[in-house]
Amino acid sequence: MTQTVQAETILSDDAQWWKSAVVYQIYPRSFSDGNGDGIGDLRGIIQRVPHLVELGVDVVWLSPIYCSPQADAGYDISDYQGIDPLFGDFADFDELVSLLHENQIKLVMDLVVNHTSDEHPWFIESRSSTDNPKRDWYWWRDARAGKIPGEAGAEPTNWESFFSGPTWTLDEATGQYYLHLFAAKQPDLNWENPELRTEIYSMMRWWLDRGVDGFRMDVINLISKDLALPDAVPDGVTGLGDGSPFYMNGPKLHDFLAEMHREVFAGRTGYLTVGEMPGVTIEEALLSTDPARRELDMVFQFEHVGLDHGENKFDIRELRRGALAENLTKWQDGLKERGWNSLYLSNHDQPRAVSRFGNDGQFWRESATALATALHLQRGTPYIYQGEEIGMTNGVFSSIDAFRDIESLNFFAHAQEAGLDLQRVKYGIQRNGRDNARTPVQWNDEENAGFSEAPPWIGVNPNHVWLNAQAQYDDPKSVFGHYRELVNLRHKSRVIAHGTFERIEHPDSAIFAFRREHDGERLIVVSNLSDSNVDLSPLECVLEGSVVLSNYGEATLDPLLARRELRPWEAVVLEPTILPC
Ligand code: NOJ
């Protein structure tokens, strides 16, 4: 209690402006192509700013546009202060920032500082000799004792990388291995080195001084590693294992985040910081986002997007009824008043939300809007991933050649080498691969979905002939119309931005109902996250009041009460007139 009061008094509502904000993520190569080369770019984004204004969002998070060899679609940066010609130049960038600001939209940049590209000048210097001053800016280690560099099992640890294979690559010239938790072209930076940290902070200040409004920090909870670099438990197939206990949420993470805050953000206002944190626990998320500790404004946690993972993300486990709501509730309860969460169901690394958590066939519109309602009205800051606001579905990839993503392609290649069941692997990639979210945004029903005049870098979803933004703008009942309402609601309502969260139980776990409360204001959200009709009577005592929003277009509660059941994916938002039971 004391801590809550303290946190609230330290930061005013003004400083926490992002509580009533909605963020929109742009993945530039798939958003809109302005120069006709089949790849999205800054000019394309500029042309589509009216779409963002129409939707009403407050912040754009822009995935990387920095110079990059594009081994991991821009998450491998070779110049933090340059713009890749693929996306445009600084004139385009400055124009975009001004245009967004004129429309009261802030711009948050992606910050990828757990690793660089192996083509970054820092790494080129670092690898040039063992006594180069920048050698210590990366993780260099000798081969395992008793092993010859290059031979199987000689890597300093047996960790498996996120993109398959070992996390270490031998540099023949200097005879040592370097660490890369992702691809070999993404060497990990050594945050233990104070000069490196100073350089990163100064680069961040440079962007803020240029007018950007904050950062989404890529895998920021991987920056502090266990210096002993212990081995993982091997998985018995590859001999490699999960090293995450030794590099996730490491011993100096909070020191680094607090130092970054002091060095970069102290004395500034109006910015937003969000840390992407795979494997973060509620305890760690609380430490990172407690305003009194001055580390980050909010985090991306990963539990709910791992619910359908089996042994790995491509080994699909069907979602248990109610599992999503249960997990989201756990995080709402866990962060309570002291921490702050990002509310998301999709991004450029996840399959499309309506295909994964909803029903993208029979109940496409209903499930897209029900999921959005259940998500946006929780406590936290909602994120809309490009295309989600029109209900875009998973891509159609009939053969492995149709995929572009390094994670999926590496996984397939390793599965092939290991003699795994390739049909099953392909199915896993089709369901959970990242390319599902990377197909071009569907602007209209024309060729290439209005994304580009040239054939796009990755296949357009054929359903763009009916599923596109143009078809939805003038229809208030469309997915787009519903998202616009949700954004608007958060802006208007203090209870959504600041209220407490309490789940309302229903014997059927597919019913995700909750109440929000703030200063005497109340809101009730009832959603049926399933394909079946569900009995409404257990909720009757909360069903009194006026309807604020309904994805089936109900203006009052009467038809619902008469029917006594919620239809598939029905979601209704009420302002209660009685004290909820
Ligand atoms: C997380 C990013 O979201 C993902 O796209 C990227 O591949 C990894 N971090 C490595 O930067």
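Numbering of ligands and ligand atoms starts at 1, following listing order.
A donor-acceptor pair under 3.5 Å is formed between the side chain of D435 and the backbone N or O of R404.
Interface of H115 with ligand 1, defined as ligand atoms under 4.0 Å from a residue heavy atom, comprises 10 (C), 11 (O). Ligand-side atoms of ligand 1 in range of R434: 4 (C), 5 (O), 6 (C), 7 (O), range being under 4.0 angstrom from any heavy atom.
Atom 1 (C) of ligand 1 has its closest protein heavy atom at D218 OD1, 2.9 Å. The nearest heavy-atom contact from the protein to atom 5 (O) of ligand 1 is D349 OD1, 2.7 Å. Among protein heavy atoms, atom 8 (C) of ligand 1 sits closest to F182 CE2, 3.7 Å. Closest to atom 7 (O) of ligand 1 among all protein heavy atoms lies D72 OD2, 2.5 Å.
In summary, the aromatic rings of F31 and W443 are positioned with their centroids under 6.0 Å apart.
Of all the heavy atoms of F163, the ones lying under 4.0 Å from any atom of ligand 1 belong exclusively to the side chain. If you look at R216 next to ligand 1, the close heavy atoms, those under 4.0 Å, all belong to the side chain. Here E407 has no heavy atoms under 4.0 Å from ligand 1, in either its backbone or its side chain.
Salt-bridge annotation for D405 and R438: present, with a side-chain N of the basic residue lying under 4.0 Å from a carboxylate O of the acidic one. Contact check on R424 versus D315 returns a salt bridge, with a Lys/Arg side-chain nitrogen under 4.0 Å from an Asp/Glu carboxylate oxygen. Between D84 and R29 there is no salt bridge, since no side-chain N of the basic residue sits under 4.0 Å from a carboxylate O of the acidic one. Using a cutoff of 4.0 Å between basic side-chain nitrogens and carboxylate oxygens, K185 and D72 are not scored as salt-bridged.
Between Y178 and W140, the ring-plane angle classifies as perpendicular under the 30° and 60° cut-offs.
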